[in-house]
**Student:** 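There's a structure below that I have some questions on.
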There are 2 protein chains.
Amino acid sequence: MSRERPRIGDVARIAGVSTATVSRALSNPALVSAETRAAVMDAVEATGYRLNQAARNLRHRRTGAIVALVPNLANPFFSQILSGIASVLGPAGYNLLIVDTWTAGADRLRDCAEPSLADGLIVLDGTLPAEIVTGRLPVVEACEWINGLAAPRVKIDNRAAAGLAIDHLVDLGHRRIGHVAGPPESVLSVARLAGVRDRLAMRGLSLAEDALYAGDFSLDSGRRAALSWIAQPADLRPTGLFLASDAMACGFMAEVQRHGIRVPEQVSIIGFDDIELVSHVSPPLTTIRQPRTALGRMAAERLLHQLGGAEEAESDTILPVELVIRSSATVFAG
Amino acid sequence: MSRERPRIGDVARIAGVSTATVSRALSNPALVSAETRAAVMDAVEATGYRLNQAARNLRHRRTGAIVALVPNLANPFFSQILSGIASVLGPAGYNLLIVDTWTAGADRLRDCAEPSLADGLIVLDGTLPAEIVTGRLPVVEACEWINGLAAPRVKIDNRAAAGLAIDHLVDLGHRRIGHVAGPPESVLSVARLAGVRDRLAMRGLSLAEDALYAGDFSLDSGRRAALSWIAQPADLRPTGLFLASDAMACGFMAEVQRHGIRVPEQVSIIGFDDIELVSHVSPPLTTIRQPRTALGRMAAERLLHQLGGAEEAESDTILPVELVIRSSATVFAG
DNA sequence: CTGAAAGCGCTTACAG
DNA sequence: CTGAAAGCGCTTACAG
């Protein structure tokens with residue numbers, strides 16, 4: 001353990017060649033003769049030599065790493081996305097560096113877009129200031145995006161996805177339809193809310209002012225929305241609600257149930273994301289499924305594409321969503 | 001963007017000093033005079049110079065990175081642990097490199113323990129061969145551990161934790177108690193199963209052969225265990241079950257409910273982990289809570305301690321667990 | 001096919 | 001307090 005690590009010079013001495021030759025034998029074997037190659041390999045074996053990646057990277061002016069900027073790593077929503085990212089980056093020989101934008105300070109965030117830290121950036125947090133990320137490293141935005149940041153985006157059509165939920169509620173006969181929105185600073189919230197209004201209008205309905213509840217994607221904010229809803233006159237409040245996250249939908253559902261209200265008999269609920277376990281709450285949640293692994297994979301692929309030198313068109317990649325019909329929303333029995 | 005990044009030499013020229021002085025002004029300002037420092041800072045400002053971390057690291061023979069080896073990044077169980085790790089590593093100036101041991105090949109795994117890649121290692125996967133990780137970098141094991149790998153461990157007492165669940169079932173009056181185990185290759189499964197047997201024995205009971213169900217921690221394996229349980233004669237099968245993961249408990253519960261069996265009236269269920277949302281399944285799951293964020297934080301802290309040069313005692317850090325009583329287990333009404 | 005030498009961008013004893 | 005020089009461990013034109 002304390003024995004000094006052999007360097008390329010040690011291998012060279014033992015093999016009786018120059019360090020240049022060792023380097024070539026290792027990284028581009030075709031360049032050296034078969035005998036030399038064999039001698040070098042023997043010396044590598046004998047010394048237990050392993051290439052120092054950091055030194056090679058310095059020489060190559062690259063880092064071999066990609067950083068993913070994720071808001072709140074504790075949120076399990078991101079684990080599948082990261083998994084998708086890792087599954088393409090790993091085989092491509094890139095290391096994945098993860099930075100939690102919630103716990104990282106501003107200094108640390110600025111350091112993230114440094115070419116000496118990483119070769120590229122995957123941004124999963126739409127609330128970051130564009131300057132932090134602009135013009136320093138190849139970037140792709142995934143799921144969320146930063147207004148004013150011109151970078152390829154891999155995302156779903158949040159507006160249309162919200163429309164799917166609204167259509168389902170309307171199709172089920174609901175006329176008073178409510179929406180629990182995400183935090184207003186999130187581009188996702190904005191897009192989904194717009195989708196709600198759009199689709200309601202298309203169906204000849206509209207979002208009543210008191211049928212729009214504030215939330216922040218968290219379970220607890222779903223609870224609070226439920227309390228607002230419960231406080232409204234039973235004959236005037238929405239009979240069907242679309243919530244901008246599954247977590248809020250679960251919180252909402254648990255809270256109304258605690259108050260003796262039955263789901264879906266007395267109120268229909270649709271969530272968003274189709275996170276793990278949501279098929280096992282009671283009743284199983286009807287929701288909009290996002291292809292999270294695919295979002296991660298695709299984001300990583302587009303980034304690699306840029307790194308490969310391709311002049312990336314700055315077009316968006318839109319991945320399909322799906323309405324997953326389970327039991328939390330049913331026909332309006334008014 | 002295409003403008004060359006300024007190097008320390010550019011700053012030196014503009015400030016009219018040597019590169020050595022620039023380096024000192026930047027990394028150890030006390031070493032240079034106030035005027036010189038000011039001149040350097042001005043030049044830094046003028047050029048937009050930013051330190052190349054990779055070069056500094058090469059010189060310092062360190063990397064500034066810690067790698068976390070996680071099995072299956074898609075499993076949300078790990079997100080909170082990673083969050084805990086990130087929250088201490090970030091402020092300490094370390095980057096967090098994440099490697100999914102399930103998608104990474106053997107070569108890649110071997111590269112992970114390279115001093116040229118990282119300064120330390122946090123192992124979250126107990127199924128890795130010890131050799132991969134032995135004697136190359138400072139290591140700490142978190143949650144799981146590798147038999148035969150002598151490294152500080154941060155974990156819970158899985159055996160005692162399982163005992164807590166068994167005690168609860170026995171206290172509720174159950175006598176035929178079953179266990180759905182995790183995969184046999186996991187040290188966690190082994191420890192929890194041992195805890196089940198121990199505690200049953202202490203309470204004058206034992207684990208019947210046909211009351212032990214095979215699982216792999218996944219939701220689906222919980223389902224399959226439920227099918228086995230359902231197939232047993234109703235008057236002989238366990239009335240209370242402890243499952244080695246919440247995911248399995250949810251799968252089990254959903255499956256028996258689908259067969260018209262009521263939880264907890266007809267069968268009591270206890271899970272393990274207290275993952276998100278498990279308080280919102282129906283009925284809310286009684287389970288053993290692991291302090292996941294704290295596990296991550298503590299693992300990172302012990303690793304930093306080692307990196308700080310402290311000759312780390314190889315003792316284990318045992319974090320406390322907690323029985324969270326909700327509604328999925330109730331008194332035996334035989 | 002191979003070697004000597006310069007260089008990736010820093011830091012740090014060593015002198016002064 | 002400051003500079004010249006060596007060096008972290010590689011790679012790669014340039015010659016031969």
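Throughout, protein chains are lettered first and strands after them, A, B, ... in sequence-line order, and every chain is numbered starting at 1. All values derive from a computational prediction rather than experimental measurement. When reading the values below, keep in mind they use all heavy atoms of this one structure, side chains included, and skip hydrogens, waters and symmetry mates.
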**Student:** For B:E276, what residues pass the salt bridge (Lys or Arg N to Asp or Glu O under 4.0 Å) criterion, not counting sequence neighbours?
**Tutor:** none
**Student:** For the backbone of B:S23 and the side chain of B:S27, can you confirm whether one donor and one acceptor N or O come within less than 3.5 Å of each other?
**Tutor:** yes
**Student:** Enter the distance from A:L307:CG to A:Y94:OH here, rounded to the nearest 0.5 Å.
**Tutor:** 4.5 Å
**Student:** How close do A:D10 and A:R7 get, counting heavy atoms only, and between which atoms?
**Tutor:** OD2-N, 2.7 Å
**Student:** So what does the secondary structure string of DNA chain D come out as, 5' to 3', with Watson-Crick or wobble pairs under 3.5 angstrom, [ ] for crossing and | for pairs with another strand?
**Tutor:** |||.||||||||.|||
**Student:** How far apart are the C-alpha atoms of B:T317 and B:R153, what are their side-chain angles, what is the distance that settles it, and do they pass the side-chain hydrogen bond (donor to acceptor under 3.5 Å, both in side chains) test?
**Tutor:** CA-CA 6 Å; B:T317 302; B:R153 293 173 181 168; over 6 Å; no
**Student:** Could you identify which residues of residues 109-118 of chain B place a heavy atom less than 4.0 Å from some atom of DNA chain D, listed by residue number, or say none?
**Tutor:** none
**Student:** Does B:R50 have any salt bridge (Lys or Arg N to Asp or Glu O under 4.0 Å) partners at least two apart in sequence or in another chain, and if so, which?
**Tutor:** A:D111, A:E114
**Student:** Which heavy atom in A:F217 sits nearest to a heavy atom in A:G182, and how many Å separate them?
**Tutor:** CE2-CA, 3.7 Å
**Student:** Output all residues satisfying side-chain contact (heavy atoms from CB on, under 4.5 Å) with A:T103, sequence neighbours left out; order by chain, then residue number.
**Tutor:** A:D100, B:S87
**Student:** Give the residues of residues 18-41 of chain B touching DNA chain C, defined as any heavy atom closer than 4.0 Å, sorted by residue number.
**Tutor:** B:A20, B:S23, B:R24
**Student:** State the CD1-CE distance between A:I318 and A:M298, to the nearest 0.5 angstrom.
**Tutor:** 11.0 Å
**Student:** Could you identify which residues of residues 56-66 of chain B place a heavy atom less than 4.0 Å from some atom of DNA chain C, listed by residue number, or say none?
**Tutor:** B:R56, B:R59, B:H60
**Student:** Looking at A:E185, I'd like to know if its CD atom is crowded, meaning that more than 12 non-hydrogen atoms belonging to other residues, nucleotides or ligands lie closer than 6.0 Å.
**Tutor:** yes
**Student:** Sequence neighbours left out, cut at 3.5 Å: what donor-acceptor pairs do the side chains of residues 69-86 of chain A make with other protein atoms?
**Tutor:**
unit_1	atom_1	unit_2	atom_2	d
A:N72	OD1	A:A74	N	3.2
A:N75	OD1	A:F77	N	2.8
A:S79	OG	A:P76	O	2.6

**Student:** Could you list the residues that satisfy salt bridge (Lys or Arg N to Asp or Glu O under 4.0 Å) with A:E144, not counting sequence neighbours?
**Tutor:** none
**Student:** May I have the list of side-chain donor-acceptor pairs in residues 116-129 of chain B shorter than 3.5 Å, sequence neighbours left out?
**Tutor:**
unit_1	atom_1	unit_2	atom_2	d
B:S116	OG	A:Q53	N	3.1
B:D119	OD1	B:T63	N	2.8
B:D119	OD1	B:T63	OG1	3.0
B:D119	OD2	B:T63	N	3.3
B:D119	OD2	B:G64	N	2.8
B:D125	OD1	B:T127	N	2.8
B:D125	OD1	B:T127	OG1	2.6
B:D125	OD2	B:T101	OG1	2.7
B:D125	OD2	B:T127	OG1	3.4

**Student:** For chain B and DNA chain C, what are the first and last nucleotides along the strand, 5' to 3', with at least one atom under 4.0 angstrom from a heavy atom of the protein chain?
**Tutor:** C:dG9 to C:dA13
**Student:** Please say whether the positively charged group of B:R5, taken as NZ for Lys or CZ for Arg, lies over the ring of B:Y49, i.e. under 6.0 angstrom from the six-membered ring centre and within 45 degrees of the axis.
**Tutor:** no
**Student:** Mind checking the C1' distance from D:dT12 to D:dG16? Whole angstroms is fine.
**Tutor:** 16 Å
**Student:** Would you please name every residue forming a side-chain contact (heavy atoms from CB on, under 4.5 Å) with B:A130, sequence neighbours left out?
**Tutor:** B:T134, B:I146, B:L149
